[in-house]
Amino acid sequence: MITLIGIKIGMTRIFNKKNVSLPITIIKIYNNIIVLKQNIHNKKKILITLEKHYKKHINKSVKCFLNKRNIKLGIGGMWSLPYVKNIHKHIGQKLNISLLNNLKKVDITGYSKGKGYAGTIKRWNFKSQDKSHGNSLSHRAPGSIGQNQSPGRVFKGKKMSGHMGNKKRTVQNLNIINIYSKKKLLLIKGSVPGFINSFLYVKSSIKCK
């Protein structure tokens, strides 16, 4: 499975030959540099960083780690990816966007936008209570959550208010619209999880090979 780390640039739209509007997500894929080969629980993996350099995102420990391996560039961290024998050859190798040229569809993994603490109406699409006929200050309240004497408790997993978003999510079978190798841009049909400038895992689709 081909896996690269990209950065979400944003969304726009384009028109195809039939003048149909298509929603597009733009992903920037800088060169992925192999930093280390790992063997964790008998599973081979590689550690990569990105070629683009943001000094403010790199701490001293990461700088020292990269300098020992003569890798002077890096962006904000490192990622562990599954090892592929025919693709990942040596430390310092640069994996670029051209690896996706023969693919038609990809799976995108990222962290959804964090919404903070949210009520049941926003978080679970609950229906609000009446806004008239004597209802006072409980328009968006979730209502009763209790049980009878048996079992006499609230079951685990009950849909209630709480933290919303900021969870790892994968969108599968997204069509590749275009690849601009010189600009290192990947155009995907549809939306993907994450905010602008967030990191994404771009993987070859497991359903369409």
Side-chain angles (χ1 to χ4, degrees), residues 1-10 25-114 165-174 176 178-188 192-209:
M1 177 187 291
I2 299 172
T3 307
L4 295 173
I5 300 296
I7 299 174
K8 183 177 180 179
I9 301 299
T25 299
I26 304 174
I27 301 173
K28 186 99 171 180
I29 300 181
Y30 295 103
N31 290 338
N32 288 214
I33 304 174
I34 298 177
V35 175
L36 185 68
K37 290 184 178 181
Q38 300 173 310
N39 193 342
I40 302 174
H41 302 300
N42 295 324
K43 291 184 179 179
K44 290 185 178 181
K45 294 191 173 184
I46 60 165
L47 202 64
I48 68 157
T49 186
L50 298 189
E51 187 177 44
K52 180 68 177 178
H53 182 51
Y54 290 132
K55 287 185 179 179
K56 64 179 182 180
H57 288 301
I58 299 179
N59 55 35
K60 288 185 179 180
S61 61
V62 175
K63 281 183 181 179
C64 181
F65 184 87
L66 296 175
N67 288 336
K68 285 183 179 179
R69 288 156 180 80
N70 294 322
I71 299 174
K72 298 181 180 180
L73 300 175
I75 183 175
M78 292 175 283
W79 294 264
S80 182
L81 303 178
Y83 173 78
V84 181
K85 184 177 181 180
N86 297 330
I87 298 175
H88 306 138
K89 298 178 181 178
H90 56 84
I91 293 176
Q93 178 188 356
K94 294 183 179 180
L95 309 171
N96 55 42
I97 196 173
S98 62
L99 289 174
L100 306 175
N101 285 340
N102 296 326
L103 301 180
K104 293 182 179 180
K105 294 189 176 185
V106 291
D107 297 340
I108 306 292
T109 300
Y111 284 86
S112 59
K113 290 182 180 180
N166 194 30
K167 292 185 178 180
K168 197 172 186 178
R169 292 288 181 259
T170 300
V171 182
Q172 294 182 322
N173 281 0
L174 293 172
I176 295 178
N178 211 336
I179 295 177
Y180 297 99
S181 298
K182 291 184 178 179
K183 295 182 179 180
K184 301 176 182 177
L185 293 178
L186 174 67
L187 270 59
I188 299 294
V192 301
F195 52 89
I196 293 176
N197 291 330
S198 63
F199 296 106
L200 301 171
Y201 291 84
V202 181
K203 299 175 281 189
S204 55
S205 178
I206 61 174
K207 291 184 177 180
C208 299
K209 295 183 179 180

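Computed from a predicted structure; not experimentally measured.
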Spacing of OH belonging to Tyr201 relative to CD1 belonging to Ile5, to within rounding of 0.5 Å: 5.0 Å
Separation of Tyr111 OH from Arg169 CZ (nearest 0.5 Å): 10.5 Å
Residue pair Thr3 / Val202, side-chain heavy-atom distance below 4.5 Å: no
For Gln172, all residues meeting side chain to side chain donor-acceptor pair (under 3.5 Å), sequence neighbours excluded: Lys207
Identified side chain to side chain contact (heavy atoms under 4.5 Å, CB included) partner of Ile29 from the options Leu186, Leu50, Leu185: Leu186
Asn178 (side chain) donor-acceptor with Leu187 (main chain) under 3.5 angstrom: no
Test item: Lys184 and Asn31 side chains (from C-beta on) under 4.5 Å apart, heavy atoms: yes
Side chain to side chain donor-acceptor pair (under 3.5 Å) partner of Lys203, the single match among Thr170, Asp107, Thr109: Thr109
Option among Leu4, Leu100, Asn102, Leu103 that satisfies the side chain to side chain contact (heavy atoms under 4.5 Å, CB included) test with Ser204: Leu103
Separation between CD1 of Ile91 and CD1 of Ile48, rounded to the nearest 0.5 Å: 13.5 Å
Partners passing side chain to side chain donor-acceptor pair (under 3.5 Å) against Lys105 (at least two apart in sequence or in another chain): none
Residues that Phe195 engages under side-chain contact (heavy atoms from CB on, under 4.5 Å), provided they are two or more places apart: Lys113, Ser198
Non-neighbouring partners of Lys28 that pass salt bridge (Lys or Arg N to Asp or Glu O under 4.0 Å), sequence neighbours left out: none
Results of side chain to side chain donor-acceptor pair (under 3.5 Å) for Asn173 - residues two or more places apart only: Ser205
Asn96 side-chain N/O to Lys94 backbone N/O, donor-acceptor pair under 3.5 Å: no
Student check: side-chain heavy atoms of Ile2 and Val84 closer than 4.5 Å: no
Residues forming a side chain to side chain donor-acceptor pair (under 3.5 Å) with Thr25, sequence neighbours excluded: none
CG on Asn166 to NZ on Lys168, rounded to 0.5 Å: 12.5 Å
Test item: Ser112 side-chain N/O and Gly194 main-chain N/O as donor-acceptor pair under 3.5 Å: no
By side-chain contact (heavy atoms from CB on, under 4.5 Å) - contacts of Lys43 (at least two apart): none
Flag side-chain contact, heavy atom, 4.5 Å: Asn197 against Lys8: no
Atom pair CD1 (Ile27) and CZ (Phe199), whose distance is rounded to the nearest 0.5 Å: 13.0 Å
Side chain to side chain contact (heavy atoms under 4.5 Å, CB included) between Ile176 and Lys104, intermediate numbers included: CA-CA 6 Å; Ile176 295 178; Lys104 293 182 179 180; over 6 Å; no
Step-by-step side chain to side chain contact (heavy atoms under 4.5 Å, CB included) determination, Tyr30 to Ile7: CA-CA 8 Å; Tyr30 295 103; Ile7 299 174; 3.8 Å; yes
side-chain contact (heavy atoms from CB on, under 4.5 Å) involving Lys37 - partner list, sequence neighbours excluded: Ile46, Tyr83
Heavy-atom closest pair, residues Ser181 and Asn101: OG-OD1, 4.4 Å
Over 12 non-hydrogen atoms of neighbours within 6.0 angstrom of CD1 in Ile196: no
Lys45: side-chain contact (heavy atoms from CB on, under 4.5 Å) partners, not counting sequence neighbours: Gln38, Ser80
Leu95 and His88, any side-chain heavy atoms less than 4.5 Å apart: yes
Taking every non-hydrogen atom, the tightest pair across Leu200 and Gly110: CD2-CA, 3.9 Å
